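Here is the structure we will look at.
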Amino acid sequence: MTRHHAAFRTLAFSAVLLAFPINAAFAQDVTSIADRLKALVVKQGLDIGWSNISGDASSMVLEGVTLKAMGESDALPVGNVTLTGVTDRNGGFHVDTLSTSPFSLNEQGLAVDISPIIFKGLSLPAENAADAMSSLMMYESAAVDGLSVKMAGKTVFEMQKAFGQMTPLDGSNPMAFSGGVEKFSTDLSLIEDPSVKGYIQALGYSQLDGDIKMTGSWQPTDGRWNMSQYDITINDVGTLGMTIDLGGLTPEFLKAANEISTKLTEAPAGSDTSAEQAKLMAMLSDATFNGASLRFGDDSLTSRVINLFATVQGAQPADVVNMAKGMVPFALMQAQLADLAGDITPAINAYLDNPDSIEIIASPPKPVSFAEIGAVSMANPQDSTATAKALWSLLGIQVKANQ
């Protein structure tokens with residue numbers, strides 16, 4: 001893995017990792033606390049270090065923080081991490097604000113710049129907390145004002161105002177969460193491959209911009225996790241929307257799954273991990289799939305593609321649509337899904353006639369455990385058609401257009 005690839009992976013988990021060092025500011029034995037912190041970070045698949053700790057309990061700075069993926073030799077220099085408003089809470093700690101320094105990476109013509117990552121209301125529970133819920137690290141809000149990626153001095157990608165929020169648990173009400181990106185953009189004119197560049201220009205795209213919206217909820221008592229919205233909108237292209245509804249993801253389940261995952265990660269190469277894998281498979285009987293959807297709402301992309309093919313073939317757009325309709329049953333047959341053509345073809349044809357939206361919905365009549373899904377998937381390893389039909393029925397999959 002190259003260093004800048006590792007950087008992207010590392011930054012994706014910075015919310016979890018950068019919070020851990022708070023314990024060191026209150027300890028008399030910095031070395032033993034540092035060892036404990038490293039052990040916690042290892043459980044997240046990353047390693048962390050710092051050169052010095054300055055300040056006091058109310059406002060402290062971890063200086064020269066570095067992060068790296070376990071097994072990687074190159075560490076990512078994050079810089080200073082500042083924590084303010086730290087108070088003791090039930091043996092753990094509450095941090096009013098945790099913020100990183102602005103981050104920059106410049107390597108082999110690739111330059112990445114990220115504004116400070118700021119967390120508000122970060123909760124760091126006590127070690128060995130008996131309550132599984134109290135073992136989860138939560139925050140009230142997180143924000144990054146900007147991120148840019150440049151190649152050879154030219155901006156390839158920009159993001160503005162990424163944010164996330166969590167509402168605390170209130171009695172029997174589920175915890176709500178939301179987030180998104182106010183704006184992102186990418187410059188397609190920088191693509192150098194002549195064949196790809198030609199098609200992009202023919203479609204009329206030189207730059208893409210859009211936004212991301214996400215909302216959901218989690219009920220710890222029964223583990224119901226429902227992401228009711230995850231929409232990626234690209235202007236003049238369309239909106240890709242996803243939802244997913246799962247059950248059984250209780251704090252106890254998540255804690256046990258994390259412990260097993262850690263054991264599997266830390267196991268030496270070639271060692272016997274069959275016991276841990278068996279436990280993990282058994283746990284999947286408690287996690288259920290309640291439903292999901294994948295939807296594309298068109299905003300001119302489909303008509304642009306149809307017109308492009310018509311121009312290339314010297315045909316009319318209507319001819320391209322009819323040809324595409326004729327290819328759908330053949331494509332399903334090639335994919336050994338001919339038996340599902342009656343469920344899929346009408347929706348695709350309706351969408352091609354009037355490109356508005358097309359959606360794949362999984363809505364089983366009752367929650368299905370992941371163990372059952374796995375069993376059905378492996379029941380006929382030599383017969384992909386039978387497997388597809390069984391899963392289609394088990395998950396209650398439908399394809400709908402323009403609804």
Side-chain angles (χ1 to χ4, degrees), residues 162 164-167 174-181 184 208 210-219 222-250 253-254 284 286-303 305 324-325 328 331-332 335 337 339-377 384 387-403:
Q165 294 179 327
M166 295 183 186
T167 62
M175 180 187 72
F177 56 85
S178 62
V181 175
F184 65 83
L208 299 178
D211 61 76
I212 300 174
K213 295 183 177 68
M214 182 267 290
T215 58
S217 64
W218 179 50
Q219 177 54 271
D222 61 6
R224 189 70 175 263
W225 187 84
N226 182 17
M227 186 174 70
S228 55
Q229 177 189 32
Y230 191 94
D231 289 347
I232 303 174
T233 298
I234 303 178
N235 298 327
D236 296 323
V237 173
T239 297
L240 181 65
M242 294 167 278
T243 67
I244 187 165
D245 185 356
L246 306 176
L249 303 186
T250 62
F253 176 92
L254 297 175
L284 292 179
D286 297 325
T288 61
F289 176 86
N290 302 330
S293 68
L294 179 65
R295 184 181 189 274
F296 177 72
D298 186 66
D299 187 13
S300 84
L301 175 63
T302 306
S303 61
V305 172
K325 288 182 180 180
V328 171
L332 291 173
L337 297 175
D339 291 345
L340 301 177
D343 297 325
I344 299 174
T345 302
I348 294 179
N349 290 347
Y351 177 77
L352 290 171
D353 284 334
N354 177 30
D356 180 21
S357 67
I358 190 161
E359 185 174 18
I360 303 173
I361 303 171
S363 181
K366 63 178 182 179
V368 181
S369 75
F370 281 94
E372 186 177 358
I373 295 173
V376 171
S377 300
S384 59
T387 299
K389 289 177 63 177
L391 288 173
W392 195 274
S393 176
L394 177 68
L395 301 180
I397 298 177
Q398 304 174 66
V399 182
K400 297 183 179 181
N402 304 332
Q403 295 185 18

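Residue numbers start at 1 and run along the sequence shown. This one's a predicted model, so the numbers in the text were calculated from it and none came from an experiment.
Looking only at atom types and distance, the side chain of S369 has no donor-acceptor partner in the side chain of T288 under 3.5 Å away. S178 and T215 form no side-chain donor-acceptor contact under 3.5 Å, judged by distance and modelled atom types alone.
The backbone N or O of I397 lies less than 3.5 Å from a partner atom in the side chain of W392, making a donor-acceptor pair. D298 contributes a side-chain N or O that, together with a main-chain N or O of L301, makes up a donor-acceptor pair within less than 3.5 Å. Here the side chain of T167 pairs a donor or acceptor atom with the backbone of A176 at under 3.5 angstrom.
The number of heavy-atom neighbours closer than 6.0 Å to OH of Y230, taken from other residues, nucleotides and ligands shown, is 12 or below.
Taking 4.5 Å as the limit, some side-chain heavy atom of I344 sits within range of a side-chain heavy atom of V399. At least one side-chain heavy atom of I373 sits under 4.5 Å from a side-chain heavy atom of L394.
Within the structure, side-chain hydrogen bond (donor to acceptor under 3.5 Å, both in side chains) pairs that include any residue of residues 393-403 do not occur (at least two apart or interchain). Counting only residues at least two apart or in different chains, salt bridge (Lys or Arg N to Asp or Glu O under 4.0 Å) contacts with residues 341-370 comprise K325-D353.
Contact record, F184 with D211: CE2-N, 3.4 Å, taken as the closest heavy-atom pair. Listed here is the closest heavy atom pair of A347 and I358: O-CD1, 4.3 Å. Closest approach of L249 and W218 over heavy atoms only: O-NE1, 2.9 Å. Residues G291 and P364 come closest through the heavy atom pair CA-CD, 4.2 Å.
A salt bridge is absent between D231 and R295: the closest approach of a Lys/Arg side-chain nitrogen to an acidic carboxylate oxygen does not fall below 4.0 angstrom. Between D339 and K389, at least one side-chain nitrogen of the basic residue sits less than 4.0 Å from a carboxylate oxygen of the acidic one, meeting the salt-bridge criterion.
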Could you list the donor-acceptor pairs under 3.5 angstrom formed between side-chain atoms of residues 232-242 and any protein atom two or more places apart in sequence or on another chain?
residue: T233; atom: OG1; partner: T239; partner atom: OG1; Å: 2.9
residue: N235; atom: ND2; partner: D209; partner atom: O; Å: 3.4
residue: N235; atom: ND2; partner: D209; partner atom: OD1; Å: 2.5

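Interatomic distance, I361 CD1 to T243 OG1, rounded to the nearest 0.5 Å: 8.0 Å. Interatomic distance, S228 OG to M214 CE, rounded to the nearest 0.5 Å: 9.5 Å.
Between F289 and F370, the two ring planes are perpendicular [angle over 60°; tilted spans 30° to 60°].
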